[in-house]
Amino acid sequence: MTIKTIHIAETDSTNSWLKANGGEEDVLAWTDYQTAGRGCGTNTWESEVGKNLLFSVLYHPQNVPAPQQFILSMANALAIKEALDAYADDIMVKWPNDIYWHDRKLAGTLIETSLMGGTVKTCILGTGLNVNQRVFHSDAPNPVSLCQMLGHEVDREELLQLVINRLEDYMDAVESGQWASIRTSYRACLYRRDGREHLFKRPQGDALPYVLNTVDDDGTLVLLRDGQKERFGFKEIQFIL
């Protein structure tokens with residue numbers, strides 16, 4: 001596939017811009033500043049003007065059943081992770097689709113899908129990627145930027161092109177049915193899948209040690225406690241950092 005790229009100087013959010021302006025093409029819209037950048041739920045995304053990469057991809061997948069739509073999240077996360085591998089080691093994917101360097105958050109993605117006839121009609125993947133911001137002022141607990149990691153600024157457009165190249169490759173892999181390979185690669189780079197116990201906060205509010213086992217094909221997180229598997233959906237379990 002080929003992704004058309006559009007640059008917008010400023011917008012409320014690139015996800016909203018694509019909802020209003022996207023058509024039948026696969027399009028990536030990126031901006032220098034979002035006035036209402038969003039994270040998951042009620043979270044916002046902090047970004048100084050012109051410092052980071054703020055972009056959304058409107059994708060029209062073919063024959064992706066609604067119960068299997070997590071394959072799109074996996075493909076997107078891998079594309080971003082592999083683009084960042086060109087700049088630093090130890091880039092990991094924190095379930096479901098955050099990008100981490102050690103215990104610090106480098107990027108996050110908000111995914112919105114529309115369904116038709118039991119399959120995914122459109123998918124908008126909106127990503128905030130910290131590139132050249134040196135100081136973060138929000139109450140986000142653990143942000144980090146490439147600039148902070150490397151000690152120098154990074155060309156945003158060069159990095160964006162790497163992301164686009166990998167996105168095109170991964171979306172081609174989705175279309176050609178290479179789902180098993182995508183899932184294997186995703187699981188191999190999961191943050192905290194190291195065989196050790198880590199604390200997780202459960203829905204009841206208590207914190208317990210678990211070993212991260214895997215992520216099921218539908219995106220369910222599988223944790224081990226005393227050798228027994230427990231499964232959690234989105235927002236049903238929280239990593240304690």
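This chain uses plain numbering: 1 for the first residue, then up along the sequence. What you are looking at is a predicted structure, and each value in this text was computed from that prediction instead of being measured.
Annotation for Gln204: atom CD counts as buried by contact number, over 12 foreign heavy atoms lying within 6.0 Å. Within a 6.0 Å sphere centred on CG of Asp206, heavy atoms belonging to other residues, nucleotides or ligands number more than 12.
Counting heavy atoms from C-beta outward, Leu106 and Leu129 have side chains that approach closer than 4.5 Å. The closest side-chain heavy-atom distance from Leu84 to Leu159 is below 4.5 Å. Two residues are said to be in side-chain contact when any heavy atoms from C-beta on lie closer than 4.5 Å; Val64 and Thr119 fail this criterion. Within the 4.5 Å cutoff, the side chain of Cys189 has heavy atoms near those of the Leu78 side chain.
A salt bridge is defined here as a Lys NZ or Arg NE, NH1 or NH2 lying under 4.0 Å from an Asp or Glu carboxylate O, and Lys51 with Glu153 meets this definition. The pair Arg187-Asp217 meets the salt-bridge criterion, since a charged nitrogen lies less than 4.0 angstrom from a carboxylate oxygen.
Asn165 and Gln161 share a side-chain donor-acceptor pair at under 3.5 Å. There is no side-chain donor-acceptor pair under 3.5 Å between Asn15 and Ser13. Side chain to side chain, Glu10 and Thr35 fail the donor-acceptor criterion of an N or O pair below 3.5 Å.
There is no path of hydrophobic side-chain contacts, each under 4.5 Å, that joins Leu110 to Ile8. Hydrophobic cluster membership is shared by Leu162 and Leu146, with clusters built from Ile, Leu, Val, Met, Phe, Trp and Tyr side chains linked at under 4.5 angstrom. Under the 4.5 Å side-chain contact rule for hydrophobic residues, Val57 and Val27 do not share a cluster. Using a 4.5 Å cut-off between side-chain heavy atoms of Ile, Leu, Val, Met, Phe, Trp and Tyr, with links allowed through other members, Ile111 and Leu53 fall into the same hydrophobic cluster.
A side-chain donor-acceptor contact under 3.5 Å links Asn142 to the backbone of Asp103. Judged by distance alone, the side chain of Asp218 and the main-chain N or O of Thr220 form a donor-acceptor pair under 3.5 Å.
Of all the heavy atoms in Leu224 and Gly227, the pair that sits closest is CD2-O, 4.3 Å.
The distance between the ring centers of Trp95 and Tyr100 does not fall below 6.0 angstrom. Under the 6.0 Å cut-off for aromatic ring centres, Tyr59 and Tyr170 do not qualify, their centroids lying 6.0 Å or more apart.
In this pair, Phe239 and Tyr191 present their aromatic rings tilted. The plane angle is within the 30 to 60° band.
None of Arg183, Lys229, Arg231 except one satisfies the salt bridge (charged side-chain N to carboxylate O under 4.0 Å, His left out) rule with Asp216; the exception is Arg231.
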